[in-house]
Chemist: 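Structure provided below as structure tokens; questions to follow.
Read the numbers this way: they start at 1 and go in the same order the structure lists the ligands and their atoms.
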Amino acid sequence: MAGLYHPDIYKFEKPINSYWETTADTKNQYNKLKEDIHTNILVIGGGYTGISCALSLSKKYNEEVVIVEAGHIGWGSSARNAGFCCIPPAKMSVSKMFKKYGKEETKKFFQNTIEGSNFTKDLISEYNIDCDLTGNCNYEVAPHPDYFQSIKKEADVYKKEFGIETEIYSQSEFNEIGHTGEEQFGAFSYKPGFAINPLKFLLGLAKEAKKSGVKIYQKSKVSKIEKKNGKYNIIINENKITSNKIVMATNGFYRDDLFPKLNNRILPVISNIIITKPLTNDQIMAHNFVTHNPILNNRNLLFYYRLLKDNRFLFGARGDLVGSEESSLIKSKKMEQQMKKVFPEWNNVEIDYHWRGLVAVTTKFTPSIGKLDDDEIYYSFGYQANGVNTAPWSGSKLANLIVSNSKELNISKFYQGLPKKFPFPKLRLFYLKMYLAYHSLRDK
Ligand SMILES: Cc1cc2nc3c(=O)[nH]c(=O)nc-3n(C[C@H](O)[C@H](O)[C@H](O)COP(=O)(O)OP(=O)(O)OC[C@H]3O[C@@H](n4cnc5c(N)ncnc54)[C@H](O)[C@@H]3O)c2cc1C
């Protein structure tokens with residue numbers, strides 16, 4: 001299976017020209033698999049999910065673990081994201097959650113997602129990972145006066161139902177502590193929330209995993225899996241790994257090619273980022289951009305942005321529907337226009353970097369962590385673009401599941417069970433197109 005998008009987006013051998021790549025060394029830290037090996041647990045995918053899972057398995061449970069990654073360690077979305085640690089990993093309103101799962105289960109879900117946020121932060125401090133951690137809350141901004149009421153309501157629900165610390169700011173208050181601009185009509189903050197350099201965090205985790213005994217192979221793409229006598233033979237280039245258990249940690253880059261039971265359950269969605277040249281003090285003050293906290297503009301089709309430590313401005317949005325290098329460039333030009341419409345004082349600011357990657361959306365609209373029936377295959381995916389918070393925590397929960405004899409984890413039902421397959425899965429991009437057209441109309 002070729003994947004839903006243009007082959008350009010699946011070029012595992014091609015480095016990503018992201019800004020993060022200029023801040024850390026990703027070259028030749030890990031080898032390619034060049035021999036046949038055996039292991040107890042094989043993790044496919046070297047992002048937050050796979051590495052956190054392997055680290056827990058090795059360090060906490062003393063298990064024998066191998067990670068294989070198709071690109072280099074630092075290729076996938078874990079190395080390309082905006083670094084926002086926000087909540088919750090769901091594409092669903094709280095009222096829908098209450099209706100679908102009930103109030104108590106929703107409360108458990110929010111407890112788990114806060115655990116996720118703390119888990120990421122604890123990993124950073126436990127392993128002393130220097131990943132430019134910044135900020136002490138997340139902001140959600142109303143892009144239009146009509147949105148301010150819903151923002152206030154959301155802040156209220158967070159506080160009353162889930163005990164989350166929130167604060168509401170009028171437009172003029174946020175002008176003082178956040179920023180000005182054409183799409184700022186008040187905001188609210190919630191805690192926990194912070195931002196990181198995602199690549200430095202990933203490399204820090206990988207280093208710890210290696211230290212604790214995990215064998216990590218990069219540029220080692222799995223092309224086939226066969227089951228024989230209760231064991232799995234995993235084919236990678238000209239070599240074979242034999243393993244008792246497999247962890248699927250490929251998230252949005254899964255191409256419906258390895259696990260028939262997991263096929264057609266993910267809609268990979270492109271997300272794009274642009275980064276400006278460092279802003280001068282005058283430029284920053286022109287929008288009074290005085291915060292380093294991550295910010296979400298609460299449109300239907302979200303914008304997310306933040307000021308980096310070297311005063312570059314990061315601006316992200318949903319991507320295109322093609323996935324080629326050309327479409328990525330076109331999309332980045334459109335995003336530059338969108339950014340400058342929201343922040344007109346930055347009309348002359350130049351863009352230094354643009355790139356994109358895949359996030360995983362599912363029919364369940366929440367993550368899935370579990371084990372396939374009648375197989376020793378474990379999975380964790382579908383973070384709905386909320387992996388900084390969710391993927392490291394999910395990876396460690398998955399490790400618990402792998403070593404326990406139990407079928408289920410003691411976590412919220414929101415995370416449990418596979419999402420339904422997409423009906424007529426070849427139409428996934430068409431569904432997405434319809435969704436985007438509808439919401440872009442609503443935003444207008
Ligand atoms: C542009 C962008 C911005 C984002 N911003 C944020 C944000 O600010 N905050 C947030 O919480 N989330 C954000 N996300 C989402 C977040 O990055 C993901 O949810 C998270 O990284 C998922 O981690 P993962 O380890 O499951 O997957 P990944 O990090 O994508 O890792 C999966 C790995 O599997 C590998 N793989 C695939 N197929 C094979 C194969 N056959 N053999 C071997 N390896 C294979 C891939 O190469 C890849 O490296 C963003 C995503 C993108 C793309």
Chemist: Looking only at non-hydrogen atoms, which of Pro89, Gly76, Ala249, Cys85 approaches atom 32 (C) of ligand 1 most closely?
Modeler: Ala249
Chemist: Is there a heavy atom in Ala385 that sits closer than 4.0 Å to ligand 1?
Modeler: yes
Chemist: For atom 3 (C) of ligand 1, state which one of Tyr304, Phe12, Tyr254 supplies the nearest heavy atom.
Modeler: Tyr304
Chemist: Report the nearest protein non-hydrogen atom to atom 9 (N) of ligand 1: residue, atom name, distance rounded to 0.1 Å.
Modeler: Phe84 O, 2.8 Å
Chemist: For ligand 1, which atoms sit closer than 4.0 Å to a heavy atom of Ala82?
Modeler: 3 (C), 4 (C), 5 (N), 6 (C), 7 (C), 8 (O)
Chemist: Honestly, is Lys121 close enough over Phe194, meaning NZ or CZ under 6.0 Å from the six-membered ring centre and within 45° of the axis?
Modeler: yes
Chemist: Tell me whether Trp355 reaches ligand 1 (any heavy atom closer than 4.0 angstrom to a ligand atom).
Modeler: no
Chemist: Suppose I only count heavy atoms of Asn386 and a 4.0 Å limit; which atoms of ligand 1 are within that range?
Modeler: 10 (C), 11 (O), 12 (N)
Chemist: Does any donor atom in the side chain of Gln384 or Thr362 lie under 3.5 Å from an acceptor atom in the other side chain?
Modeler: yes
Chemist: Is the count of non-hydrogen atoms from other residues, nucleotides or ligands lying under 6.0 Å from Lys340 atom NZ greater than 12?
Modeler: yes
Chemist: Regarding Tyr232 and Asp375, is there a side-chain donor-to-acceptor distance under 3.5 Å anywhere?
Modeler: yes
Chemist: Out of all atoms in ligand 1, which are within 4.0 Å of some heavy atom of Val388? Include the element for each.
Modeler: 9 (N), 10 (C), 11 (O), 12 (N)
Chemist: To which protein heavy atom is atom 40 (C) of ligand 1 closest, and what is the distance rounded to 0.1 Å?
Modeler: Val222 N, 3.8 Å
Chemist: In the protein, which heavy atom is nearest to atom 22 (C) of ligand 1, and how far is it?
Modeler: Asn251 ND2, 3.6 Å
Chemist: Between the side chains of Asp310 and Tyr19, is a donor N or O closer than 3.5 angstrom to an acceptor N or O?
Modeler: yes
Chemist: Where's the contact between Tyr383 and ligand 1, heavy-atom distance under 4.0 Å: side chain, backbone, both or neither?
Modeler: side chain
Chemist: Of all the atoms in ligand 1, which lie at a distance below 4.0 Å from a heavy atom belonging to Ile273?
Modeler: 1 (C), 3 (C)
Chemist: Can you tell which part of Thr49 has a heavy atom less than 4.0 Å from ligand 1: side chain, backbone, both or neither?
Modeler: both
Chemist: With no hydrogens and no angle check, do the side chains of Ser412 and Glu105 hold a donor and an acceptor under 3.5 Å apart?
Modeler: yes
Chemist: So does Asn40 get a backbone contact from the side chain of Glu64, meaning a donor-acceptor N/O pair under 3.5 Å?
Modeler: yes
Chemist: Against heavy atoms of Gly357, which atoms of ligand 1 measure under 4.0 Å?
Modeler: 53 (C)
Chemist: Tell me which protein heavy atom sits closest to atom 33 (C) of ligand 1, plus the residue, atom name and distance to 0.1 Å.
Modeler: Glu69 OE1, 3.5 Å
Chemist: What is the closest protein heavy atom to atom 34 (O) of ligand 1, and at what distance does it sit?
Modeler: Gly45 CA, 3.4 Å
Chemist: At a 4.0 Å threshold, what atoms of ligand 1 neighbour a non-hydrogen atom of Trp75?
Modeler: 47 (O)
Chemist: Report yes if some N/O of Arg80 lies less than 3.5 Å from some N/O of ligand 1; otherwise report no.
Modeler: no
Chemist: Return yes if a side-chain donor-acceptor contact under 3.5 Å exists between Ser271 and Tyr304, otherwise no.
Modeler: yes
Chemist: Classify the angle between the aromatic ring planes of Tyr431 and Phe422 as parallel (below 30°), tilted (30 to 60°) or perpendicular (above 60°).
Modeler: parallel
Chemist: Could you name the option among Ser78, Gly50, Gly387 that has the heavy atom nearest to atom 21 (O) of ligand 1?
Modeler: Ser78
Chemist: Over 60° means perpendicular and under 30° means parallel, so classify the ring planes of His179 and Phe174, tilted if in between.
Modeler: perpendicular
Chemist: Considering heavy atoms of the protein only, find what lies nearest to atom 51 (C) of ligand 1 and give residue, atom and distance to 0.1 Å.
Modeler: Val359 CG1, 3.3 Å
Chemist: So for Gly83, does at least one of its heavy atoms come nearer than 4.0 angstrom to any atom of ligand 1?
Modeler: yes
Chemist: Can you list the atoms of ligand 1 that are under 4.0 Å from a heavy atom of Leu358?
Modeler: 53 (C)
Chemist: Kindly indicate whether the side chain of Leu4, heavy atoms from C-beta on, has any atom under 4.5 Å from the side chain of Arg428.
Modeler: yes
Chemist: Quick one: do the Thr49 and Asn251 side chains pair a donor with an acceptor below 3.5 Å?
Modeler: no
Chemist: Considering heavy atoms of the protein only, find what lies nearest to atom 4 (C) of ligand 1 and give residue, atom and distance to 0.1 Å.
Modeler: Asn81 CB, 3.1 Å
Chemist: Would you check if the side chain of Ser78 reaches a backbone N or O of Gly47 as a donor-acceptor pair within less than 3.5 Å?
Modeler: no
Chemist: Among Asn233, Ile225, Leu33, Asp36, which residue satisfies the side chain to side chain contact (heavy atoms under 4.5 Å, CB included) criterion with Ile241?
Modeler: Leu33
Chemist: Considering only the protein, which heavy-atom contact is closest to atom 30 (O) of ligand 1, and what is its distance?
Modeler: Ser77 N, 3.1 Å
